[in-house]
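One structure is given here, and the rest of the page talks about it.
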Amino acid sequence: MNFWERLGRIDRRIIYLVVFLGVIIPLLLKVTFKVEPMREVKQAYEEVEKLPPGSAVMISIDYDASSMPELQPMLVAILEHCFKKDLKVIMLGHWPLGLPLGQIALDKVAKKYGKVYGKDYVFLGFRPGVAAVMINLGKEIRQVFNSDYKGTPIDSLPIMQNIHNYNDIGILIGLEAGSTGDMWVQFAQARYNAKIILGATAVVAPDLYPYLQANQIVGLIGGLRGAADYESLVHVLGPAYLGMPAQTTIHVLVVILIILGNLGYFATRRRK
């Protein structure tokens with residue numbers, strides 16, 4: 001049996017072991033390397049950066065636990081940026097199962113910067129009917145959310161005193177694991193000319209590039225790489241930045257295995 005035949009019959013458990021080591025070793029050793037942020041992520045960062053202190057940023061949690069590894073680091077990095085710049089954060093979401101993730105990140109980062117609930121940030125929660133919610137937010141937020149997720153009337157919260165619709169929001173940021181980002185563009189940007197940044201999983205991000213090219217969104221943060229880029233821009237190196245070496249190692253291993261598999265196939269077929 002020659003080399004190529006032995007390669008074709010290798011126990012798949014060995015491949016699983018190699019992949020496991022490729023993931024765990026960079027994470028345990030906390031290997032890092034310099035990341036040059038992508039242009040679309042820089043655009044997103046710069047749009048938030050140029051907002052004057054006191055501006056309101058609306059963040060929509062449109063993902064759940066299955067997409068948490070990619071989108072939660074992105075959310076934390078954005079919150080770090082907002083609170084560093086003394087921006088007001090208004091959070092809501094269209095995925096009910098993802099709302100606790102947003103609340104956890106919001107409370108954690110707000111506590112780090114000494115922000116006060118109701119004054120510096122608010123969590124509105126969830127309302128059913130995605131399109132109806134987005135359209136009515138453009139008319140009057142109180143038509144959709146007359147209270148926050150605790151049941152506190154929003155008119156009693158200082159942060160909401162002068163905020164009524166998209167015109168009072170500096171940036172709308174949607175974190176997407178599905179098609180909700182398309183709806184933000186259709187109903188918030190097309191109808192009300194809201195300024196939108198979208199963050200998305202690596203699977204969803206390619207479908208959002210046409211909106212960026214058409215200037216319907218002003219920035220795009222895609223996948224773990226996008227989250228790592230944003231972390232580097234705000235100088236907070238979190239799980240996305242630390243996870244990039246492991247992801248890169250696995251991508252290289254997969255490419256090598258594909259090449260070896262194809263070489264082995266053609267070599268054994270030629271011998272036959």
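Fair warning: this is a prediction, and the values are worked out from it, not measured in the lab.
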N/O donor-acceptor pairs under 3.5 Å from side chains in residues 123-142, not counting sequence neighbours:
unit_1, atom_1, unit_2, atom_2, d
R127, NE, V144, O, 3.1
N136, ND2, A132, O, 2.9
E140, OE1, H164, ND1, 3.1
E140, OE2, R142, N, 3.1
E140, OE2, R142, NH1, 2.9
R142, NE, D155, OD1, 2.5
R142, NH1, I163, O, 2.8
R142, NH1, H164, ND1, 3.3
R142, NH2, D155, OD1, 3.2
R142, NH2, M160, O, 2.6

Working to the nearest 0.5 Å, report the span between [atom1] of [X] and [atom2] of [Y].
X	Y	atom1	atom2	result
S60	I173	OG	CD1	10.5 Å
M68	L97	CE	CG	13.5 Å
K115	L79	NZ	CG	12.0 Å
D120	D86	CG	CG	6.5 Å
L172	Y192	CG	OH	13.0 Å
K112	K84	NZ	NZ	6.5 Å

request  = List the steps and the verdict of side chain to side chain donor-acceptor pair (under 3.5 Å) for Y63 and E70.
outcome  = CA-CA 10 Å; Y63 64 93; E70 289 181 278; over 6 Å; no

task = List the steps and the verdict of side chain to side chain contact (heavy atoms under 4.5 Å, CB included) for H251 and V254.
result = CA-CA 5 Å; H251 286 169; V254 168; 5.8 Å; no

[Y] backbone acceptor or donor facing [X] side chain under 3.5 Å:
X	Y	answer
E47	V218	no
D229	M38	yes
Q72	L101	yes
K85	E49	yes

Check [X] against [Y] and note the closest heavy-atom contact, atom names and distance.
X	Y	result
R225	E36	NH2-O, 2.6 Å
A77	E231	CB-CG, 3.9 Å
A188	I196	CB-CD1, 4.1 Å
A105	L75	CB-CD2, 3.6 Å
A65	P69	O-CD, 3.9 Å
Y121	A110	CE2-CB, 3.4 Å

Within the 4.5 Å heavy-atom criterion, are [X] and [Y] side-chain neighbours or not?
X	Y	result
Y149	L99	no
Y117	I159	no
I78	H81	no
V18	L21	no
L157	T152	yes
Q43	R39	yes

Is there a path from [X] to [Y] through hydrophobic residues (I, L, V, M, F, W, Y) whose side chains come within less than 4.5 Å of each other?
X	Y	answer
V116	V89	no
L92	L87	yes
I61	I104	no
V19	I258	yes
V234	L224	no

inquiry  = Can you tell me how the ring of Y113 sits relative to the ring of F83, calling it parallel under 30°, perpendicular over 60° and tilted otherwise?
reply    = tilted

query = Would F145 and I90 count as a side chain to side chain contact (heavy atoms under 4.5 Å, CB included) if you check the C-alpha gap in whole Å, the side-chain angles of each, and the deciding distance to 0.1 Å?
reply = CA-CA 12 Å; F145 296 97; I90 301 169; over 6 Å; no

ask   = Crowded around N162 CG? As in, over 12 foreign heavy atoms under 6.0 Å?
value = no

Per-pair distances, 0.1 Å, donor-acceptor, side chain in residues 202-217, under 3.5 Å, sequence neighbours excluded:
unit_1, atom_1, unit_2, atom_2, d
Y209, OH, E40, OE2, 2.4
Y211, OH, D182, OD1, 2.7

